[in-house]
Amino acid sequence: MASTAWTTPVVNVVSQKKPAYPFHQSNTKSLSLLSKHKHPFLSLPKSSNPPHFFTNTRAFKIQAAASSSSDDASAVTSDAAQELFDWPSVILPFLFPALGGLLFGYDIGATSGATISLLSPELSGTTWFNLTSIELGLVVSGSLYGALLGSILVYPIADFIGRRGELLIAAFLYLLGGSVTAYAPGLSVLLIGRLLYGLGIGLAMHGAPLYIAETCPSQIRGTLISLKEVFIVFGILLGYFVGSTQINAVGGWRYMFGFSAPVAVIMGLGIWSLPPSPRWLLLRAVQGVGSLEEYKKKAILALSRLRGRPAADSVSEKQIDETLISLKTQYNSQESEGNFLEVIQGPSLKAFIIGGGLVLFQQITGQPSVLYYAGSILQTAGFSAASDAARVSVIIGVFKLLMTGIAVLKVDDLGRKPLLIGGVSGIAISLVLLSAYFKFLGGYPAVAVIALLLYVGCYQISFGPISWLMVSEIFPLRTRGKGISLAVLTNFGSNAIVTFAFSPLKELLGAENLFILFAVIALISLAFVVIYVPETKGLSLEEIETKILK
């Protein structure tokens, strides 16, 4: 729960014109709180444009970004949403939902070590260790199919249970799935546990970006949602680390899967302490599912807690009033509550083409396949760590984490579209290099290593974090829950298709031609980004709906 009792820096945001974001403090003088007292832990060299994440003063300013050359970017920056907030009240509503992403990443990392342990006659600790390839495939992909099912189930109920409700259920499923898997007496129970855990992934990957996008100030929305990708990558690293520590223990796979349970408890308790999304409360109010005044009061209290203000203060009340007027205008211009057909019509269709296209290209540009080859590529380059799968994975994971951190620091400065264009261009180049390595540059392993790291790095500054950021921003409020559910389904569905189609395509085309195919798809995705993807930097969610989708 956000607390105002902490000694915290206050962010003073300066805007050249009246902010358009509904959650802002109107008619307030710009505060200049650049204190002479330096923070004891954070210190940076002097710079004319320091990152907004850190400062060597106790209070600091975040200014709206300068206008870009494009019309969209100009519109974004000129009306950049600005709001006063203190960091602890922002961090906690981000942190606990982001643990849902960490547990998703942890499953990816832990499963790689768990399968080695589970198949070992000496280390499995079971009498059913001799799994067939199909049974092993079900163990590995069980959480993926659970995530697919979860994204389907959440579609009709997302707006009913709310973002906070989704995350609470996800935490429970993570706890239940991790525990059942860890104590599984046989394969059938193990598969049930994997499915339950995957259901948690499906709900968490839907609810977390929704909750974060709808509760954080718009000027740092890109940073925080992109930071969730850091949690996913850190979860992968954590899974690799736990796997490496338990790989030689009898029944070590149980510890690898079971470690997720206590983290799920922390996530659940943290989500329980948070208020519902104020925007979701107001959405339910304008949908007429309850008393308008009652939902409005709850929204004011929720916003006050999220911003670290006294309960039901006048600033929060004014912001809620402005947001409610905006939502009524947008909602009443339509005939009914969002349904399936509406998600594929008008502004929602445009949003789905943008968001769904990004998460589709995120997978079909070959991410699972390239990482599949990572071990063998590093091994051909003579890396001694390549003989140890866990260590190789950690090397790649650390690099992924580093590049994701760069994307997080720059997404609200450079914008979404420039990072996508630069990153996808690098992905295409890296895939061509990988194809060349397998075709005629096999004697130059350094080419393969450079291509692999280029692919991982470019993916992590583009498709990795920004696809989910755009998905959380782009859908209109009335169809946002259902629209993101379709995007999540598209993501996990395309992931499954690429994963299972890789082996037959490799046999049919050869590795070198397969990577060329991925490179062609990457070029198509680059054209898609340039032509269809707008810049949303600095815009409030309501502004995105009115300026970009209409």
Side-chain angles (χ1 to χ4, degrees), residues 72 76 101 147-148 150-152 154-155 158-159 163 166 202-214 218 221-222 224-226 228-229 232 279 338-365 367 407 411 415-421 423-424 459 462-495 497 521 524-537 539-550:
D72 282 343
V76 168
L148 275 169
S151 61
I152 295 172
V154 79
Y155 181 86
D159 285 339
R163 296 46 165 140
E166 280 185 66
L203 267 69
M205 295 305 291
H206 180 269
L210 264 176
Y211 188 88
I212 295 170
E214 292 185 358
S218 64
R221 185 177 63 240
L224 291 184
I225 297 178
S226 299
K228 184 179 70 68
E229 178 73 14
I232 295 175
R279 278 188 175 88
N339 52 45
F340 175 78
L341 291 178
E342 189 176 3
V343 175
I344 55 173
Q345 294 175 353
S348 295
L349 175 60
K350 183 176 181 181
F352 181 68
I353 290 174
I354 295 169
L358 285 174
V359 295
L360 176 66
F361 283 122
Q362 182 189 59
Q363 298 300 325
I364 65 174
T365 47
Q367 185 220 176
V411 68
R416 287 71 160 141
K417 194 163 184 174
L419 285 174
L420 279 171
I421 292 173
V424 176
Y459 177 86
S462 58
F463 279 144
I466 296 178
S467 294
W468 289 110
L469 167 59
M470 294 290 293
V471 164
S472 68
E473 294 178 323
I474 201 68
F475 283 97
L477 179 61
R478 59 188 286 104
T479 58
R480 186 171 297 147
K482 294 180 175 66
I484 293 181
S485 179
L486 283 180
V488 171
L489 180 61
T490 300
N491 178 267
F492 285 118
S494 56
N495 190 333
I497 291 172
I521 296 174
I524 296 173
S525 69
L526 179 60
F528 172 81
V529 169
V530 172
I531 296 171
Y532 289 105
V533 176
E535 180 58 76
T536 59
K537 179 181 70 173
L539 284 178
S540 73
L541 299 180
E542 288 75 27
E543 288 176 313
I544 292 172
E545 182 169 354
T546 57
K547 293 186 176 182
I548 292 178
L549 298 181
K550 294 184 179 179

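Keep in mind the model is a prediction, meaning the values are calculated, not measured. Here, residue 1 is the first one in the sequence, and each next residue gets the next number.
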Task: Contacts of type ring pair (Phe, Tyr, Trp, His ring centres under 6.0 Å), residue Phe492, not counting sequence neighbours - done: Phe104

- [ ] Look up atom NE2 in His206 and atom CG in Leu489, then write down how far apart they are to the nearest 0.5 Å.
- [x] 10.5 Å

Task: Contact summary for Thr490 and Gly356, nearest pair of heavy atoms - done: CG2-O, 3.9 Å

- [ ] With the side chain counted from C-beta on, respond yes when Val529 and Leu358 share a heavy-atom pair under 4.5 Å apart, and no when they do not.
- [x] yes

Open item on the list: According to ring pair (Phe, Tyr, Trp, His ring centres under 6.0 Å), who are the partners of Phe361, at least two apart in sequence or on a separate chain?
Closed with: Phe528

Open item on the list: Testing the basics here: between Ile421 and Leu526, what is the closest heavy-atom pair and its distance to 0.1 Å?
Closed with: O-CD1, 3.7 Å

TODO: Among residues two or more places apart or on two chains, list those pairs meeting salt bridge (Lys or Arg N to Asp or Glu O under 4.0 Å) that have a residue in residues 466-476.
DONE: Arg221-Glu473, Arg416-Glu473

- [ ] Mind running side-chain contact (heavy atoms from CB on, under 4.5 Å) on Phe475 and Ile354 for me, showing each step along the way?
- [x] CA-CA 9 Å; Phe475 283 97; Ile354 295 169; over 6 Å; no

Open item on the list: Can you tell me how far apart CD1 (Ile364) and CD1 (Ile524) are? Round to the nearest 0.5 Å.
Closed with: 8.0 Å

TODO: Say whether, by atom type as modelled, one donor and one acceptor occur between the side chain of Ser467 and the main chain of Gly464 under 3.5 angstrom.
DONE: no

Open item on the list: Testing the basics here: between Glu535 and Pro418, what is the closest heavy-atom pair and its distance to 0.1 Å?
Closed with: OE1-CD, 3.3 Å

Open item on the list: Quick check: closest heavy atoms across Glu166 and Leu203, and the distance to 0.1 Å?
Closed with: OE1-O, 3.6 Å

Open item on the list: Under the rule for side chain to side chain contact (heavy atoms under 4.5 Å, CB included), what residues qualify as partners of Thr365, not counting sequence neighbours?
Closed with: Tyr455, Phe463, Ile521, Ala522, Ser525

Open item on the list: Could you report the tightest heavy-atom contact between Ser151 and Ser485, atom names first, then the distance?
Closed with: O-OG, 2.6 Å

Task: Side chain to side chain, Met205 and Val471, heavy atoms closer than 4.5 Å - done: no

Task: Non-hydrogen atoms of Ser494 and Leu360 that approach each other most closely - done: CB-CD1, 3.7 Å

